[in-house]
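Index from 1, following the sequence. Remember, predicted model here, so these are calculated numbers, not experimental data.
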Amino acid sequence: MSIQPSTYSPDIAVPSDKRVFGARDLFSLWFSLGIGLMVLQTGALLAPGLGLSGSLLAIFLGTLVGVLLLGAVGVIGSDTGLSAMAALKLSLGTRGASLPALLNLLQLVGWGAFEIIVMRDAASLLGARAFSEGSLLANPLLWTVFFGGLATVLAVSGPLTFVRQILRKWGIWLLLAACLWLTWNLFAKADLVALWAQAGDGSMPFAVGFDIAIAMPLSWLALIADYSRFGKRAKSVFGGTALGFFIGNFWLMSLGVAYTLAFAPSGEVNALLLALAGAGLGIPLLLILLDESENAFADIHSAAVSSGMLLRLKVEHLALAIGVICTVIACLAPLAQYQNFLLLIGSVFAPLFGVVLVDHFILRRRRQGAVTLLHWPALLAWLGGIGTYHLLAHFYPDLGATLPALLLAGLLQFILGRAVSGARASARA
């Protein structure tokens with residue numbers, strides 16, 4: 001396997017001749033990133049409160065809206081050739097982009113550690129089931145180091161090597177086989193008609209389920225341009241990204257709901273994993289478990305790109321350091337409920353990209369324009385969106401908060417941006 005350059009400087013646009021990703025590459029990448037144990041477990045969060053029919057509707061709508069926004073942000077990467085955080089300078093200014101870059105670094109280190117923890121716990125459970133509790137293959141520390149090391153190696157090698165040499169050639173076919181087997185096993189062993197007729201217990205409002213579902217694609221908004229900047233054409237970037245992530249995320253999250261209701265009604269993580277391990281001798285779950293390392297790869301690599309913009313060091317060296325940090329955190333931290341973590345990400349980055357989308361597609365009409373130190377209108381619109389999110393989440397939780405916050409932030413950006421442009425035009429006149 002030949003190793004290609006892992007990345008380019010976050011502040012420098014990828015040259016046109018190096019933008020090699022087509023629709024198939026991006027479909028493979030985002031189908032893979034839409035699949036994972038955390039996606040299955042997120043589906044399990046929705047299952048008790050919404051039931052099968054309510055959960056599938058929330059997942060369908062949340063994922064659909066989320067992938068449309070994700071694909072649109074991906075187009076910004078292909079238009080500019082810049083990494084995700086570097087592209088924010090066009091909307092927020094050089095100094096204004098430093099804050100989201102720092103927040104992105106922190107959240108991606110957290111996500112990377114979470115991914116390693118999820119893989120560790122699942123592998124330990126499978127090892128104990130196949131051998132015994134005290135066997136080496138049931139040792140959590142062993143699996144933490146293994147998966148942390150694997151994700152770090154992938155992150156250092158970079159997206160070009162990973163997507164074209166590994167994922168596109170054979171990785172995606174193994175994932176498809178695993179998903180098909182789990183689906184067949186579900187239809188063969190579960191009474192889906194009875195589950196469909198069974199209502200949820202009402203412990204979760206539908207709007208909260210929608211917010212959790214949309215948070216999955218939106219959690220990638222802050223790093224998609226790190227990969228779409230290698231895209232050949234905007235049309236391929238949008239279509240490959242949106243379709244790939246929608247199919248993978250909707251499929252796996254729905255399986256998480258159905259397996260929880262059919263085989264693990266307690267909703268416990270271990271009960272769900274044991275139910276999944278019973279399908280096909282655990283081989284489909286093992287393949288999805290290995291695929292989780294690809295999610296950790298993306299977190300670690302993009303964390304390195306974000307920190308590279310702040311620290312001016314080589315991305316490969318930063319990826320190595322961040323991979324080690326994520327592994328150490330995973331060794332020390334227990335796996336906690338991450339529902340609030342998902343919603344917190346939505347409160348910060350969903351309004352931010354409402355601002356960015358309006359600025360890029362409406363105000364600047366996909367042109368780069370001049371970069372200044374600070375764009376106050378964009379920052380004010382972003383803060384307005386964050387405030388709206390938390391007000392709605394606190395006082396009107398049944399309405400949902402993610403989409404209204406994003407739309408309001410975009411509207412504020414449109415109004416303030418037009419007002420500032422008009423004032424500057426009048427001043428020049």
**Report entry** Heavy-atom donor-acceptor pair, Trp143 side chain to Leu137 backbone, under 3.5 Å
**Finding:** yes

Query raised in the report: Would you say the side-chain atoms of Asp25 pair up with the backbone N or O of Gly22, donor to acceptor, closer than 3.5 Å?
Result: yes

Report summary line: Here the gap from Ile362 atom CD1 to Arg418 atom CZ, rounded to the nearest 0.5 Å, amounts to 8.0 Å

Query raised in the report: In chain order, what residues pass the side chain to side chain donor-acceptor pair (under 3.5 Å) check against Thr241, with sequence neighbours excluded?
Result: none

Report task. Give a yes or no answer on whether the side chain of Arg19 reaches the backbone of Ser78 with a donor-acceptor pair at less than 3.5 Å. Result -> yes

Report task. Before giving the answer on ring-ring contact (aromatic ring centres under 6.0 Å, His included), spell out for Phe246 and Phe60 the whole-Å C-alpha distance, their side-chain angles and the decisive distance to 0.1 Å. Result -> CA-CA 9 Å; Phe246 178 83; Phe60 177 83; 5.7 Å; yes

**Report entry** By side-chain contact (heavy atoms from CB on, under 4.5 Å) - contacts of Leu103 (at least two apart)
**Finding:** Leu99, Val348, Phe349, Trp382

Query raised in the report: If we ignore angles and hydrogens, is there a donor and acceptor under 3.5 Å between the side chains of His301 and Asp226?
Result: no

Report task. Could you check Asn249, Leu70, Leu33 and say which one makes a side-chain contact (heavy atoms from CB on, under 4.5 Å) with Met216? Result -> Asn249

Requested in this report: Examine distances only and state if a side-chain atom of His375 and a backbone atom of Ser91 form a donor-acceptor pair shorter than 3.5 Å.
Outcome: yes

Report summary line: With sequence neighbours left out, the residues meeting salt bridge (charged side-chain N to carboxylate O under 4.0 Å, His left out) with Arg364 are Asp359

Query - Nearest-0.5 Å distance that lies between atom CZ in Phe206 and atom CG in Asp211 - result: 10.5 Å

Query raised in the report: Do side-chain atoms of Glu292 reach the backbone of Leu37 as a donor and acceptor pair under 3.5 angstrom?
Result: yes

Requested in this report: Output the distance between atom OG1 (Thr94) and atom CG (Leu88), rounded to the nearest 0.5 Å.
Outcome: 11.5 Å

Query raised in the report: Under the side chain to side chain donor-acceptor pair (under 3.5 Å) test, which residues partner Asn295, sequence neighbours left out?
Result: none

Query raised in the report: To the nearest 0.5 Å, what is the distance between NZ (Lys189) and CH2 (Trp184)?
Result: 7.0 Å

Query - Trace of the side chain to side chain contact (heavy atoms under 4.5 Å, CB included) decision for Thr402 with Leu406 - result: CA-CA 6 Å; Thr402 302; Leu406 184 147; 5.7 Å; no

Report task. Please name all residues satisfying side chain to side chain donor-acceptor pair (under 3.5 Å) with Asp299, sequence neighbours left out, ordered by chain then number. Result -> none

Query - Parallel, tilted or perpendicular: ring planes of Phe263 versus Tyr259, cut at 30 and 60 degrees - result: tilted

Query raised in the report: Does the side chain to side chain contact (heavy atoms under 4.5 Å, CB included) test come out yes or no for Leu221 and Val356, once each step is laid out?
Result: CA-CA 11 Å; Leu221 288 180; Val356 171; over 6 Å; no

Report task. Under the side chain to side chain donor-acceptor pair (under 3.5 Å) rule, collect the residues that match up with Asp201, sequence neighbours excluded. Result -> Ser203

Requested in this report: State whether the side chain of Ser228 and the backbone N or O of Val237 hold a donor-acceptor pair below 3.5 Å, judged by distance alone.
Outcome: no

**Report entry** Flag, side chain of Ser157 to backbone of Leu154, donor-acceptor distance under 3.5 Å
**Finding:** yes

Query raised in the report: Quick one: which of Trp220, Trp111, Tyr227 gives a side chain to side chain donor-acceptor pair (under 3.5 Å) with Ser302?
Result: Tyr227

Query raised in the report: Do the side chain of Arg120 and the main chain of Ala330 share a donor and acceptor less than 3.5 angstrom apart?
Result: yes

